[in-house]
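Note sheet for the following structure.
Lettering follows sequence order; numbering is per chain, from 1.
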There are 6 protein chains.
Amino acid sequence: MTDTRTDGRAVDELRPVTIERGWSAHAEGSALITFGGTKVLCTASFTNGVPRWLTGKGKGWVTAEYAMLPRATNSRNDRESIKGKVGGRTHEISRLIGRALRAVVDTKALGENTIVIDCDVLQADGGTRTAAITGAYVALADAIAWGRQKKFIAQRSEVLIDSVSAVSVGIIDGTPMLDLAYVEDVRAETDMNVVVTGRGLFVEVQGTAEGAPFDKRELDQLLELGVNGCAQLRDLQTAALSD
Amino acid sequence: MTDTRTDGRAVDELRPVTIERGWSAHAEGSALITFGGTKVLCTASFTNGVPRWLTGKGKGWVTAEYAMLPRATNSRNDRESIKGKVGGRTHEISRLIGRALRAVVDTKALGENTIVIDCDVLQADGGTRTAAITGAYVALADAIAWGRQKKFIAQRSEVLIDSVSAVSVGIIDGTPMLDLAYVEDVRAETDMNVVVTGRGLFVEVQGTAEGAPFDKRELDQLLELGVNGCAQLRDLQTAALSD
Amino acid sequence: MTDTRTDGRAVDELRPVTIERGWSAHAEGSALITFGGTKVLCTASFTNGVPRWLTGKGKGWVTAEYAMLPRATNSRNDRESIKGKVGGRTHEISRLIGRALRAVVDTKALGENTIVIDCDVLQADGGTRTAAITGAYVALADAIAWGRQKKFIAQRSEVLIDSVSAVSVGIIDGTPMLDLAYVEDVRAETDMNVVVTGRGLFVEVQGTAEGAPFDKRELDQLLELGVNGCAQLRDLQTAALSD
Amino acid sequence: MTDTRTDGRAVDELRPVTIERGWSAHAEGSALITFGGTKVLCTASFTNGVPRWLTGKGKGWVTAEYAMLPRATNSRNDRESIKGKVGGRTHEISRLIGRALRAVVDTKALGENTIVIDCDVLQADGGTRTAAITGAYVALADAIAWGRQKKFIAQRSEVLIDSVSAVSVGIIDGTPMLDLAYVEDVRAETDMNVVVTGRGLFVEVQGTAEGAPFDKRELDQLLELGVNGCAQLRDLQTAALSD
Amino acid sequence: MTDTRTDGRAVDELRPVTIERGWSAHAEGSALITFGGTKVLCTASFTNGVPRWLTGKGKGWVTAEYAMLPRATNSRNDRESIKGKVGGRTHEISRLIGRALRAVVDTKALGENTIVIDCDVLQADGGTRTAAITGAYVALADAIAWGRQKKFIAQRSEVLIDSVSAVSVGIIDGTPMLDLAYVEDVRAETDMNVVVTGRGLFVEVQGTAEGAPFDKRELDQLLELGVNGCAQLRDLQTAALSD
Amino acid sequence: MTDTRTDGRAVDELRPVTIERGWSAHAEGSALITFGGTKVLCTASFTNGVPRWLTGKGKGWVTAEYAMLPRATNSRNDRESIKGKVGGRTHEISRLIGRALRAVVDTKALGENTIVIDCDVLQADGGTRTAAITGAYVALADAIAWGRQKKFIAQRSEVLIDSVSAVSVGIIDGTPMLDLAYVEDVRAETDMNVVVTGRGLFVEVQGTAEGAPFDKRELDQLLELGVNGCAQLRDLQTAALSD
């Protein structure tokens with residue numbers, strides 16, 4: 001058991017988080033978010049209209065795509081475009097981000113509009129999917145504001161029913177820790193991502209035993225760390241959106 | 001709140017589960033498993049040797065591939081082979097099954113051997129991924145026995161450090177329920193899959209709010225149902241393997 | 001020249017054939033057919049309407065897709081979905097099955113409806129394509145009955161103008177034989193598949209010299225064996241459909 | 001019943017056939033063959049060595065690839081390279097050509113050498129696969145001669161154990177006819193391709209009922225027409241190769 | 001510095017150029033063009049109507065696709081259809097040919113019609129893209145004439161505002177030369193393709209330093225050679241079109 | 001004719017250019033370069049060793065890959081990874097960047113090492129390929145310095161024989177202009193990219209008539225503007241590399 005971490009953080013401490021809102025000159029909403037050395041560019045593209053399978057139902061659609069630049073990581077990965085197929089991990093994270101965002105969107109209030117959130121990892125140092133969800137929410141909020149201003153969304157409709165953020169937690173050498181950097185992530189016995197709303201409810205809980213299986217007490221410790229971390233991220237989102 | 005289910009089960013009751021061990025004449029291990037109307041054929045293919053990236057490390061490899069026949073479901077889905085790409089859901093489930101199995105395998109004890117588990121859904125009625133994990137364990141155990149008999153695995157090595165099974169749980173109309181059939185699954189507000197070892201430890205917990213986000217109390221109820229369900233499945237696996 | 005076979009059959013004898021009609025809970029027609037160790041699941045999916053290129057011509061469409069599970073055979077084959085392309089053999093057999101079925105369907109009588117037959121080989125031991133055709137006919141007949149009951153097909157229209165079945169024949173060590181098992185197939189000098197209607201007419205004859213080219217007399221012997229085998233299969237189809 | 005054809009030919013008459021041997025400046029063997037309006041460029045590429053799966057067995061390999069230029073036909077077809085996949089028909093014909101050629105090659109005598117025959121249809125008017133086989137044989141013979149001259153093949157080894165050619169036959173309005181042009185092919189009730197060696201033995205017989213199923217008498221008439229047509233093609237091949 | 005070339009040509013001399021107009025029996029316009037050992041079959045396919053994104057704008061569309069037969073070159077290249085993707089070089093040349101042709105087409109005058117030009121290299125000996133552009137213009141002109149005759153194009157509209165041809169130039173051992181054959185092309189320090197209209201204006205200039213970078217004086221010499229070469233090609237096009 | 005531009009620049013003036021060297025924490029060399037609103041992240045990945053086809057020749061390899069984030073542009077483009085193929089434009093630009101860099105690299109001096117340059121457009125406003133080349137050179141120079149420090153490259157070997165930069169030029173309303181922004185680019189009659197070494201020699205000249213064809217005088221004006229622009233970019237590269 002230890003409570004000192006490689007980078008000197010406390011076990012329940014987030015890495016420095018920055019949110020540069022409105023990074024993109026073109027997108028209807030955008031944020032460049034950093035969790036320590038992890039940097040993710042999130043852009044939200046607003047389109048009036050919905051995919052054909054949803055037409056005429058009076059509901060909108062929110063979806064997400066996640067990807068990594070080839071040299072975001074320590075050694076270069078081949079591009080998925082060149083390989084001609086999207087890997088399982090990429091698919092899985094894209095689907096997770098989309099579900100997380102849809103959990104706080106009232107698609108009826110959104111009306112027949114589509115928002116696509118792109119989360120591109122420019123630099124990776126652990127926790128890319130949780131940074132992506134946290135940044136994507138900011139980009140989404142701005143795209144919704146844009147849609148309302150352009151009158152694609154009714155003035156009074158409350159599209160966002162809550163906010164959402166995410167953080168990783170894990171057990172390293174028996175100690176539960178918050179927001180794992182890459183060097184911690186590879187050593188974790190158990191790895192968990194929690195997606196939590198601004199009100200503190202769970203949207204998604206994904207825990208995996210990478211080494212030894214875990215018991216209920218460890219699970220509870222991880223969840224508590226995660227909920228607290230997400231509360232801090234929610235406050236940073238609120239601050240960014242009120243600038 | 002209700003405690004009657006469409007098919008008359010109690011909220012904490014599994015559907016009828018059958019495990020037809022040794023279904024395949026060719027595979028080194030196999031099981032046709034059913035969870036009610038869900039039927040999954042699991043085959044384990046044993047190969048002496050490991051993929052190139054693992055050569056010379058004295059460790060084995062266990063991986064899994066999941067797929068569905070085009071008319072396993074109520075309406076026909078196009079084949080992924082014809083579409084030319086594997087969908088995100090397929091990838092995600094294949095990865096989940098592989099992780100679940102590797103959590104109970106000592107790859108050093110396996111030696112430089114590879115076991116590929118194929119889980120093909122012949123008929124789907126909810127819970128296909130959890131049936132797949134539960135059946136895959138039986139096929140895996142038989143493939144390991146085969147490898148030991150053929151002397152690819154040392155006689156005394158304990159390759160399986162525990163057993164593993166999985167079940168779905170969910171909240172429907174506010175009531176937590178075990179082992180959702182398809183008609184229940186589509187109505188669930190929260191959907192969770194738990195993968196649990198024979199000793200009752202968690203290998204994987206994946207909970208998703210499909211409708212409203214969930215709180216800690218609901219999460220705890222779901223986990224308890226899931227752990228109990230997996231204990232029953234473990235007993236059925238043991239029975240099948242001792243025939 | 002020999003007239004004893006590995007499995008003790010006479011040279012003009014079929015392997016044990018079983019047809020489990022209505023195997024699938026979801027498909028409009030289905031059959032699990034076995035020719036000895038060969039097991040093929042055939043499902044027929046009925047859709048009201050036709051592909052765009054056929055719209056408005058008052059005719060229906062029947063097509064088929066054939067595939068093999070990765071461990072249907074003695075050693076595991078990579079999935080075509082993972083390879084990202086459908087192999088030539090798979091394409092060829094899918095097209096053969098489709099042609100065989102269309103030969104006995106009056107597409108005008110079918111009306112603007114589409115039936116897709118999926119033939120998935122669960123276990124392979126020679127003759128998978130001929131078992132697939134024979135089982136597909138049963139699934140097709142049930143899907144047509146379903147369409148008539150649902151009033152997608154006019155009550156009086158005779159959609160099926162005949163029945164159809166198929167069998168393999170081949171020359172091994174100079175002896176023509178019926179319904180080759182895998183161990184026989186690999187040794188055959190000449191390999192032929194015949195597709196024959198219930199009335200005994202040819203729909204398809206595909207003979208290939210795997211070893212030495214063959215002469216007219218040998219061809220005639222093979223055709224006679226095949227026609228007789230198909231007559232027996234026709235009777236088994238009739239029995240299955242009258243249950 | 002009729003014995004006059006659109007182009008004035010007798011029912012048992014080939015279209016004008018030309019074989020321009022050595023068309024390509026680069027290939028080790030080549031022929032531009034025409035069957036009336038059908039023009040196929042066949043090139044044989046000789047490589048010393050065999051694919052990895054055949055290495056060290058003292059045997060060579062002969063394979064073929066068939067394709068059509070996009071505007072070989074009356075209306076333009078999209079390129080298979082652009083579609084990103086090879087169609088079933090293309091695969092099927094490539095495999096047929098390869099089998100036909102291998103039937104007359106002694107791969108032991110060829111030694112560890114590979115010959116790839118490319119058959120590209122520059123213009124199509126029916127019978128492209130049969131023209132391809134007939135022309136491919138000429139290209140193959142020249143590539144083998146090249147390999148012998150370059151000493152990749154032993155001087156005395158008889159690589160070609162026979163010659164091979166192919167022709168289509170079919171029944172139109174009840175009349176069996178030889179070498180169908182496109183306008184005839186689309187009207188044929190039964191369509192058959194026969195591949196025959198120089199000595200008159202069958203390598204492949206592929207008959208398909210496009211309209212009504214056919215009986216044994218019709219099959220015999222078609223085979224006789226085909227065998228006679230192939231004998232004429234064999235003489236044209238011999239003449240081309242002796243120039 | 002030298003002014004003798006491998007094939008005896010003067011440095012400013014084209015290889016023998018032939019244009020066989022109307023080579024294809026099916027295409028609305030076609031030409032088999034040769035530049036020495038380079039042979040390219042160009043076919044123009046005329047379709048009434050335009051792609052969806054252009055509908056209703058009163059304009060037509062001209063596009064091109066370039067490809068090489070597998071054994072067009074000295075050693076065999078794998079087919080792009082089999083590889084499942086189109087290579088960068090193929091894409092690049094297809095786009096170049098399309099731009100070159102559109103530069104001389106008044107798409108308003110063409111009306112809502114589409115012309116696809118296929119340029120398939122049957123044999124390659126350097127300069128395949130320039131031969132393709134030069135031959136494609138002839139095929140295009142004939143397809144436009146066909147469209148006018150069929151009344152898809154208004155009688156009086158001048159669709160072609162100029163002609164267009166192309167040639168390669170390069171510096172070899174310090175000497176600028178016209179129309180490089182393959183053996184020259186691989187030795188060139190600088191390689192340039194110029195696309196020039198009948199009136200002598202530039203449509204495209206693409207110069208690349210393969211070895212040493214080049215200066216302005218060398219660039220001017222190459223451009224002059226290229227303009228003169230294109231003027232000769234224009235005269236050959238005119239002659240072919242007036243036959 | 002005009003000499004005022006939308007953004008107030010003189011016709012021969014570059015947009016503000018910034019080069020943030022060492023942007024990436026992981027890559028051996030990197031630069032975030034901006035040309036006005038165009039932002040390109042260039043990373044250089046150094047690997048000891050070369051691709052198999054180059055092994056044992058004592059030479060290194062430099063290659064480049066270009067791509068755009070989906071929302072780099074004004075409206076969102078689908079990802080090439082999802083489409084499953086790399087577009088022609090992407091291929092073309094990747095190849096151009098690779099050629100430009102190789103023109104200033106002595107691959108013998110580099111030794112058997114590989115450098116892959118990734119140029120990812122984060123935001124696009126015209127001139128992305130020229131910004132990419134200019135930034136890629138800086139990343140390349142740093143990767144070479146890294147390789148020398150790690151002793152993968154001999155201390156004294158001069159790997160870079162010159163520097164290289166690139167800029168776009170074009171004719172708008174008859175006026176030649178330097179470094180086109182997107183709004184200018186779409187209006188240009190002629191569009192040209194020039195790649196020039198630090199010493200002022202041409203590596204690549206690519207001029208295309210988008211509207212009217214151009215004459216020699218216009219070409220000369222464009223080249224002069226481009227050479228002057230590249231000289232300024234060279235000075236900015238030198239400054240960035242001397243920080």
Only pairs of heavy atoms separated by less than 4.5 Å count here; which of [options] has the most with chain C?
{"options": "B/S45, B/G37, B/S30", "result": "B/S45"}
{"options": "B/K83, B/R76, B/R71, B/K85", "result": "B/R71"}
{"options": "B/T90, B/V86, B/D118", "result": "B/D118"}

So what's closer than 4.5 Å to chain C heavy atoms on B/K39: side chain, backbone, both or neither?
side chain
Answer whether the closest heavy-atom distance between the side chains of [X] and [Y] falls below 4.5 Å.
{"X": "B/L41", "Y": "C/L69", "result": "yes"}
{"X": "B/P70", "Y": "C/T43", "result": "no"}
{"X": "C/L122", "Y": "B/L122", "result": "yes"}

Give me the atom names and distance for the closest heavy-atom approach of C/Q123 to B/S24.
OE1-CA, 3.6 Å
Nearest heavy-atom contact between C/H26 and B/A72 is CD2-O, 2.8 Å
Over 12 non-hydrogen atoms of neighbours within 6.0 angstrom of CZ in C/F152:
yes
Could you go step by step and tell me if B/E65 and C/D78 meet the side chain to side chain contact (heavy atoms under 4.5 Å, CB included) rule?
CA-CA 10 Å; B/E65 290 184 9; C/D78 289 340; 6.0 Å; no
If one checks every heavy atom of C/T73 against chain B at 4.5 Å, the contacting part turns out to be backbone
Sort C/I82 into side chain, backbone, both or neither according to what part of it lies under 4.5 angstrom from a heavy atom of chain B.
both
